[in-house]
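Presented below is the structure to which this report refers.
Note that the structure is predicted; figures quoted are calculated from it, not measured. Reminder, nothing fancy here: chain letters follow the sequence lines and each chain counts from 1.
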2 protein chains.
Amino acid sequence: MVGVTVRIGELAAEAGVSVRALRYYEEQGLITAGRSDSGQRHYRSPAIERVKLIQMLYEAGLSSKTIVELLPCVEAQVNTPESRARLAAERARIDEQIAGLTRTRDRLDAVIELSENPASGCVKI
Amino acid sequence: MVGVTVRIGELAAEAGVSVRALRYYEEQGLITAGRSDSGQRHYRSPAIERVKLIQMLYEAGLSSKTIVELLPCVEAQVNTPESRARLAAERARIDEQIAGLTRTRDRLDAVIELSENPASGCVKI
DNA sequence: CTTGCCTCTGACGTCAACGTCAGGTTCTAG
DNA sequence: CTAGAACCTGACGTTGACGTCAGAGGCAAG
């Protein structure tokens, strides 16, 4: 049994990314693909989860390079002192990012509050 | 009284950005500067707060174009239905961004938990 | 007056994550 | 069998927020 495989177009559609993006991910070492005799890529089902995870990390502001270093920890359960430190560092970075965004949001909230309810005087910015 | 003004290098140092960045901000219409007879930029003290605000919004993922549209609302208290909608939209975007980051962080937390305490079996990713 | 740092205006360079196009092969529906 | 969709490998284009360099002028100290 060879297992169910899909071609790049189908995976792209299912994962919600472009075909070009998948080829780029492969180029960066983020995903791998089997090849048919004629050279066409074919993916097994876990690929879609992996692609979605990659997207998640991209959206959190991680670079390809960082993701490449983290993926073995996340997927293959690599567990060394270095990998744990790497994970903790990125977790901390994301936490800081959330904190900054929260401050920015609160700042906007204050402005919105004022524009909807211009009661008190002007705020010094 | 002409007021205390600083040159671009000093403002850059105080605001924690590069001189090039300040010139870029001006080019984008985010800040304005007075000029000396010889053409050198000079800034008044509120400039530093404005620059810090701009940095805050950049870090929240807003583009120059968006910031240009929002700044009048935040600083000059512009208050039209459009400006309120603009503020609300960006606020919502930031909220979504926070939510996504939180999910990513929780995902990393689960991985970290497992790597520090490899008790239960493997997680399917 | 001159030395050395600061500033000016262009204008080209950078980097990441793809988009897009060219030119050719392969697969599939009819 | 054939048309058209999907795939392949290069390789160049794009965008935003600056970095960097060149060449020229400005300003305070000694």
**OP:** Check the side chains of A:Q40 and A:R7 for a donor-acceptor pair under 3.5 angstrom, ignoring hydrogens and angles.
**Re:** yes
Subject >> Whole-Å distance separating the CD atom of B:Q40 from the C1' atom of D:dA24 >> reply: 13 Å
**OP:** For D:dT9, take OP1 and OP2 only and decide whether either is under 4.0 Å from a side-chain N or O of A:R41.
**Re:** yes
Subject >> Exercise: do B:Y25 and B:Q55 side chains pair donor with acceptor under 3.5 Å >> reply: yes
Original post:
Distance only, no hydrogens: is a donor on one side chain within 3.5 Å (strictly under) of an acceptor on the other, for B:E82 and B:T80?
Top reply: yes
Original post:
Between atom CD1 in A:I8 and atom C1' in C:dT26, what is the gap in whole Å?
Top reply: 15 Å
Original post:
Would you say a side-chain N or O of A:Y24 is under 4.0 Å from OP1 or OP2 of C:dC18?
Top reply: no
Original post:
Roughly, in whole Å, what's the span from CZ in B:R35 to P in C:dT7?
Top reply: 12 Å
**OP:** Rounded off to whole Å, could you give me the CD-to-P distance for the B:E27 and D:dC18 pair?
**Re:** 11 Å
Subject >> Atom pair distance, as rounded to whole Å: CD1 in B:I67 and C1' in D:dA17 >> reply: 11 Å
**OP:** State whether B:S18 places a side-chain N or O below 4.0 Å from either non-bridging phosphate oxygen (OP1 or OP2) of D:dG19.
**Re:** yes
Original post:
Expressed in angstrom and rounded to an integer, what is the separation of B:E26 atom CD from C:dG10 atom P?
Top reply: 12 Å
Subject >> Residue-phosphate contact under 4.0 Å: A:R23 side-chain N/O, D:dC8 OP1/OP2 >> reply: yes
Subject >> Along DNA chain D (nearest heavy atom to each residue), the more 5'-positioned of B:R7 and B:L22 >> reply: B:L22
Subject >> 5'-most by nearest nucleotide on DNA chain C - A:Y25 or A:D37 >> reply: A:Y25
Subject >> Any N/O donor-acceptor pair, B:R20 side-chain to D:dT20 base, under 3.5 Å >> reply: yes
Original post:
For C:dC8, does OP1 or OP2 lie under 4.0 Å from any side-chain N or O of B:S38?
Top reply: no
Can you list, pair by pair, the side-chain donor-acceptor contacts under 3.5 Å of residues 61-72 of chain B, counting residues two or more places apart and other chains?
residue, atom, partner, partner atom, Å
B:S63, OG, B:T66, N, 3.3
B:S63, OG, B:T66, OG1, 3.1
B:S64, OG, B:Y58, OH, 2.5
B:E69, OE1, B:R86, NE, 2.6
B:E69, OE1, B:R86, NH2, 2.4

Original post:
Between B:L62 (CG) and D:dT15 (P), how many Å, whole number?
Top reply: 20 Å
Original post:
Looking for any heavy atom pair under 4.0 Å, which part of the strands does A:S63 touch: base, sugar-phosphate only, or nothing?
Top reply: sugar-phosphate
Subject >> Heavy-atom check, side chain of A:H42 versus side chain of A:I8, under 4.5 Å >> reply: no
Original post:
Between atom CD in A:Q28 and atom C1' in C:dA16, what is the gap in whole Å?
Top reply: 9 Å
